[in-house]
Amino acid sequence: MKTSKYPTGKAGRALAKHLGVGGKGLVQNLNPLEVLREYVSYRKTALEQQTERERIAAKRDVAVRLIDSERDLILAYFEQRCAERKETLDSLFDILHTALQEKNDPAMDAALSGILGVVKDSPLNPYIKKIVQL
Amino acid sequence: MIAVLDAVLVRVAEKKDSPVRLKNELENLLAASSPDNEHDAYRVAKVAKSLRKLLDTPILDKRDGRVI
């Protein structure tokens, strides 16, 4: 069996080559046990850091999914609310038009109050607090 | 935030459309009304007042001094 003059074997040769002049002596004086201990420590830290990265990535994915679902919910809400408001306003303007043609004052008053009520009520109101936080 | 911007656009369209429709009704009413008829004057005043209120309505609300 071929024995290496470097106590750390193939890795030691590579390291000595990498370090250049003076590296050879440095590598030959290395304590293999110490190298092994350092390597194990490095692997342990690397694994811990990898786990931490995976934990952060999972946390990020959950947060992104939460934002996406919240966005979908807000979009659906606005879509429905806006359609509902448009329908209500169309009906109220029809009532107003008919009331003015027929000179029906109570119907005109009701239609005008309704129109003002709908327009004054902003569809964004329930989300104002949330928007301020953004 | 994009969803909110979409809602703001819809709100702006609504805020633009309603006064235009009410103004058209007021113009029709004025064309059909007689200046001597107090019932006609009442209706014109009511619609004109509502139009002013509609125009005064902010597009977006204010909270904590910030326009939203």
Side-chain angles (χ1 to χ4, degrees), chain A residues 64 66-134, chain B:
Chain A
V64 168
L66 196 71
I67 291 166
D68 281 349
S69 62
E70 198 169 271
R71 186 200 57 201
D72 292 346
L73 189 73
I74 293 173
L75 269 173
Y77 165 79
F78 281 135
E79 209 171 286
Q80 297 235 343
R81 183 102 200 264
C82 292
E84 189 186 282
R85 287 167 67 90
K86 191 180 182 317
E87 205 175 299
T88 309
L89 278 173
D90 286 347
S91 305
L92 287 168
F93 272 107
D94 285 345
I95 292 168
L96 178 69
H97 188 74
T98 312
L100 289 175
Q101 279 187 334
E102 292 173 356
K103 300 190 174 185
N104 182 345
D105 290 350
M108 179 195 74
D109 286 342
L112 288 172
S113 305
I115 291 166
L116 281 174
V118 172
V119 176
K120 277 185 176 177
D121 173 38
S122 170
L124 296 159
N125 272 342
Y127 283 94
I128 278 170
K129 275 187 184 168
K130 240 180 190 346
I131 298 161
V132 169
Q133 287 166 1
L134 290 174
Chain B
M1 202 60 191
I2 298 293
V4 176
L5 289 176
D6 281 345
V8 171
L9 287 176
V10 173
R11 172 72 173 157
V12 169
E14 179 186 277
K15 197 52 195 70
K16 181 191 163 217
D17 190 43
S18 300
V20 169
R21 287 169 85 172
L22 197 58
K23 183 178 153 275
N24 289 340
E25 291 294 344
L26 180 61
E27 281 174 351
N28 292 339
L29 185 65
L30 281 168
S33 298
S34 160
D36 303 325
N37 188 325
E38 64 180 37
H39 288 292
D40 284 354
Y42 168 78
R43 279 188 284 275
V44 168
K46 267 287 210 182
V47 176
K49 197 177 166 192
S50 298
L51 180 59
R52 185 189 62 79
K53 282 183 183 171
L54 212 57
L55 290 167
D56 281 347
T57 309
I59 292 173
L60 301 172
D61 288 347
K62 265 188 177 180
R63 285 289 183 280
D64 304 325
R66 287 175 62 180
V67 176
I68 301 164

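Reminder, nothing fancy here: chain letters follow the sequence lines and each chain counts from 1.
Ranking His39(B), Lys49(B), Glu14(B), Arg21(B) against chain A, the residue ahead of the rest is Arg21(B), based on heavy-atom pairs under 4.5 Å. In terms of non-hydrogen atom pairs under 4.5 Å with chain B, the most contact-rich of Gln101(A), Lys103(A), Lys86(A) is Lys103(A).
When heavy atoms are compared at a cutoff of 4.5 Å, Asp109(A) approaches chain B solely by way of its side chain, counted from C-beta outward. For Leu29(B), the part sitting under 4.5 Å from any heavy atom of chain A is the side chain, from C-beta outward, and nothing else. Proximity to chain A is limited to the side chain of Lys15(B), based on heavy atoms less than 4.5 angstrom apart. Neither the backbone nor the side chain of Asp56(B) comes within contact range of chain A; no heavy atom of the residue lies under 4.5 Å from a heavy atom of that chain. Interface residue Leu22(B): backbone and side-chain heavy atoms are both found under 4.5 Å from chain A.
Between atom CG of residue Leu100(A) and atom CG of residue Asn28(B) there is a gap of 8.5 Å, rounded to the nearest 0.5 Å. Here the OG-CG distance, from Ser50(B) to Leu116(A), works out to 5.0 Å after rounding to the nearest 0.5 Å. We find the CZ-CG distance between Phe78(A) and Leu9(B) to be 11.5 Å, quoted to the nearest 0.5 Å.
The side chain to side chain donor-acceptor pair (under 3.5 Å) check on Lys23(B) picks up Glu27(B), with sequence neighbours excluded. Applying the salt bridge (Lys or Arg N to Asp or Glu O under 4.0 Å) criterion to Asp94(A), with sequence neighbours excluded, gives no partner residue.
Closest approach of Phe93(A) to Glu25(B), counting heavy atoms only: O-OE2, 4.4 Å. The shortest heavy-atom contact between Arg11(B) and Asp121(A) is NH1-O, 4.2 Å.
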